[in-house]
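A, B, ... follow the sequence lines: proteins, then strands. Residue 1 opens every chain.
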Number of protein chains: 2
Amino acid sequence: MSPYDPSAFPPFAVTVDLVVLTVRRHALCALAVRRGEQPFQGRWALPGGFVRPDEDLSSAAARELSEETGLCAHDPAGPAQANGAHLEQLATYGDPERDPRMRVVSVAHLALAPDLPAPRAGGDAHSARWAPVESLLDKGGYGREGEPSAPLAFDHGQILADGVERARSKIEYSSLATAFCPPEFTVGELRRVYEAVWGVVLDPRNFHRKVTGTPGFLVPTGGTTTRQGGRPAQLFRAGGATLLNPPMLRPEV
Amino acid sequence: MSPYDPSAFPPFAVTVDLVVLTVRRHALCALAVRRGEQPFQGRWALPGGFVRPDEDLSSAAARELSEETGLCAHDPAGPAQANGAHLEQLATYGDPERDPRMRVVSVAHLALAPDLPAPRAGGDAHSARWAPVESLLDKGGYGREGEPSAPLAFDHGQILADGVERARSKIEYSSLATAFCPPEFTVGELRRVYEAVWGVVLDPRNFHRKVTGTPGFLVPTGGTTTRQGGRPAQLFRAGGATLLNPPMLRPEV
DNA sequence: ATCATAGTCGTCTGCCTGACGATAAACATC
DNA sequence: GATGTTTATCGTCAGGCAGACGACTATGAT
């Protein structure tokens, strides 16, 4: 590493951007905020903001998440908590041209949350909305008036695509899909998470056998619920296992 | 995102650090450079340096890789080229305390290269060496005099550990292990790559069946070699497939 | 000639998955 | 209250793949 001359290093702004995913009405949705100023004024973007001078990257991401959604990020190693969301670093985007005003390096994070009430607008975002990821990624860029739609501001379309792909692949070999569920959930609800994230239809019987047969994935709570209609279903909590071995296979295309 | 006041954003230095891995003498090795100045003077560290004002992150990583090793990073999507190495972003490290002098955010990259002649010292590194990753990660921190050993400077021990874990898991489900091999290689050489990276012993017969039976993984070149002794072995090139499905399973612990 | 080394082809068994039949327990409707 | 609908759960069966391991081949070393 070069000798540091603090007056000589090239200055960068560092931000965090968030890909916040949830499953609503059988669709994978992401949080989008409407930009209130130039550039890209009026366009939709991912929530985010500057990293403060004495703040860790993960702390900055957790703070932004909390400001935008009220969600409280929890350590993946720790116990699930009320209103807790999974939060992990995704990737870093630093193309010199990605922000027309100045050199900005953005450390994108991925958050997975259960279905929530309407998002609250963050301090500086005019409005915040959940939108299906397809409408945010769609190259066509149409959508109902006022509803979030592509193209997103800056390189946020690419960041969102990377986050969605990370989520899709990670639920294959980890128990992360439970992060989309409330603290207690049924096998059917978990299956609908997989179906929404992957955009496929899964066989309920094979899915049930797989998830209940994987040690440490699900822990029965003893209760049952009929909130989905039909025969009452057992309730489960997420077990301690984080890695699924063998993995849950995503069906062929 | 907040309105930008270019004079108000907190200034950061942005660097790239490199985890460069190769397989030498049946061991997974990483490139380490000896620090010539404070802090951590005399300690070993990962190669890296500042991102230039108009340089993309991946370009900065490729430039540093070339400066330290002469390796030419190639796009994973493109064709393999002579002296080419796989290069991908790993993760970003931004703890406010990670560099005692100033706020530095480092975008770590992971490079995988075939076995090379001795590394050449980069411009500002006093010396550069390959060292087995265990000796660089070993908490004990012993080693022969002058040989790279733990603990590494800054948080480079953590970065290296993350890079090694990424490599270990990625060769499971991708054809990335071929990045450790010369352009033409035998099944046995590829197996020794897996054995070195995972630190296990694999059954030659099952391994042979698996890799030759996965479509697009290996392409026979027609030639044979006896450079490993024993019966001549067929030579292969890496095929077009990048994802292995089903994956190559890492043996249980 | 014999041995050591490394590569390659087969066989067998057990596990997992996908496809799908059958039964169970709730609610809605007639 | 009988029937249909919905969802959950258990079972069966065949095919595929991986681990264990036997057998044979082709080279160099002694």
Side-chain angles (χ1 to χ4, degrees), chain A residues 25-26 171-173 181 184-196 198 200-237 241 243-253, chain B residues 25-26 171-173 177 181 184-196 198 200-236 241 243-253:
Chain A
R25 287 181 262 107
H26 292 204
I171 65 174
E172 278 191 278
Y173 58 88
C181 295
E184 294 200 348
F185 53 89
T186 69
V187 173
E189 291 166 346
L190 183 62
R191 175 168 49 82
R192 279 179 279 275
V193 165
Y194 276 92
E195 291 179 334
W198 285 344
V200 298
V201 176
L202 300 175
D203 184 288
R205 297 157 292 188
N206 292 336
F207 184 87
H208 189 277
R209 178 182 61 194
K210 172 69 178 173
V211 296
T212 57
T214 299
F217 192 7
L218 299 183
V219 180
T221 66
T224 61
T225 182
T226 69
R227 63 183 169 226
Q228 298 293 334
R231 171 178 165 179
Q234 265 190 283
L235 284 169
F236 295 88
R237 285 184 296 100
L243 253 49
L244 265 40
N245 203 323
M248 176 92 67
L249 294 176
R250 185 169 7 174
E252 310 283 319
V253 181
Chain B
R25 287 181 263 109
H26 292 204
I171 65 173
E172 277 192 278
Y173 58 88
C181 293
E184 295 201 348
F185 53 90
T186 69
V187 172
E189 290 166 346
L190 184 62
R191 176 168 48 83
R192 280 180 279 275
V193 165
Y194 275 91
E195 291 179 334
W198 285 344
V200 299
V201 175
L202 300 175
D203 185 287
R205 297 156 293 186
N206 293 335
F207 184 87
H208 189 277
R209 179 182 61 193
K210 173 69 179 174
V211 296
T212 57
T214 300
F217 192 7
L218 299 183
V219 180
T221 66
T224 61
T225 182
T226 68
R227 62 183 169 225
Q228 298 293 333
R231 171 177 165 178
Q234 264 191 285
L235 284 170
F236 294 87
L243 253 49
L244 264 40
N245 203 322
M248 175 92 67
L249 294 176
R250 187 169 3 175
E252 311 284 318
V253 183

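Between the CG atom of A/Asn245 and the P atom of C/dC16 there is a distance of 10 Å, given to the nearest Å. In this structure, A/Leu190 places its CG atom 16 Å from C1' of D/dT9, rounding to the nearest Å. Spacing between atom CD of B/Gln228 and atom P of D/dA29 amounts to 14 Å, rounded to whole angstrom units. The interatomic distance linking B/Asp203 (CG) with D/dG22 (P) rounds to 11 Å, in whole Å. Rounded to a whole Å, the CG atom of B/Leu235 is 14 Å from the P atom of D/dT27. Taking atom CG of A/Leu244 as the reference point, atom P of C/dC16 lies 13 Å away to the nearest angstrom. The nearest whole Å value for the distance from the CZ atom in B/Phe207 to the P atom in C/dC9 is 15 Å. Taking atom CG of residue B/Leu249 and atom C1' of nucleotide D/dA20, one finds them 15 Å apart after rounding to whole Å.
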**OP:** Go through B/Leu235 and B/Arg227 one step at a time and tell me if the side chain to side chain contact (heavy atoms under 4.5 Å, CB included) criterion holds.
**Re:** CA-CA 11 Å; B/Leu235 284 170; B/Arg227 62 183 169 225; 3.7 Å; yes
Subject >> Pair A/Trp198-A/Met248, side chain to side chain contact (heavy atoms under 4.5 Å, CB included): steps then yes or no >> reply: CA-CA 12 Å; A/Trp198 285 344; A/Met248 176 92 67; 3.7 Å; yes
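Nearest nucleotide to the A/Pro204 side chain, out of D/dA26, C/dG7, D/dT9: D/dT9. Side-chain proximity of B/Pro246 to the nucleotides C/dG18, D/dC17, C/dA25 is greatest for D/dC17. Closest to the A/Arg209 side chain, of the nucleotides D/dT7, C/dG18, D/dC21, is C/dG18. Nearest to the side chain of A/Arg192, among D/dC17, C/dT17, D/dA8, sits D/dA8. Comparing C/dT17, D/dT9, D/dA8 by their nearest atom to the side chain of A/Val187 picks out D/dT9. With D/dT27, D/dC17, D/dT7 as the choices, the nucleotide that has an atom nearest any side-chain atom of A/Arg231 turns out to be D/dT7. Proximity note for B/His208 (side chain, C-beta onward) versus C/dT17, D/dT9, C/dC9: the nearest is C/dC9. Ranking C/dT8, D/dC21, C/dA22 by closeness to the B/Gln234 side chain, first place goes to C/dT8.
The residue among A/Gly229 and A/Arg205 whose nearest nucleotide of DNA chain C lies closer to the 5′ end is A/Arg205. Comparing B/Asn206 and A/Pro251 against DNA chain C, the residue whose closest nucleotide sits nearer the 5' end is B/Asn206.
Nucleic acid contact for B/Arg191: sugar-phosphate only, since backbone atoms but no base atoms lie under 4.0 Å from a heavy atom of the residue.
Between A/Leu218 and A/Phe185 the shortest side-chain heavy-atom distance falls below 4.5 Å.
Contact annotation: A/Lys210 side-chain N/O to C/dC16 OP1/OP2 distance is not under 4.0 Å.
Atom CD of B/Gln234 sits about 6.5 Å away from atom NE2 of B/His208, to the nearest 0.5 Å.
For the side chain to side chain contact (heavy atoms under 4.5 Å, CB included) test with A/Leu202, the passing option among A/Glu195, A/Lys210, A/Arg250 is A/Glu195; the others fail.
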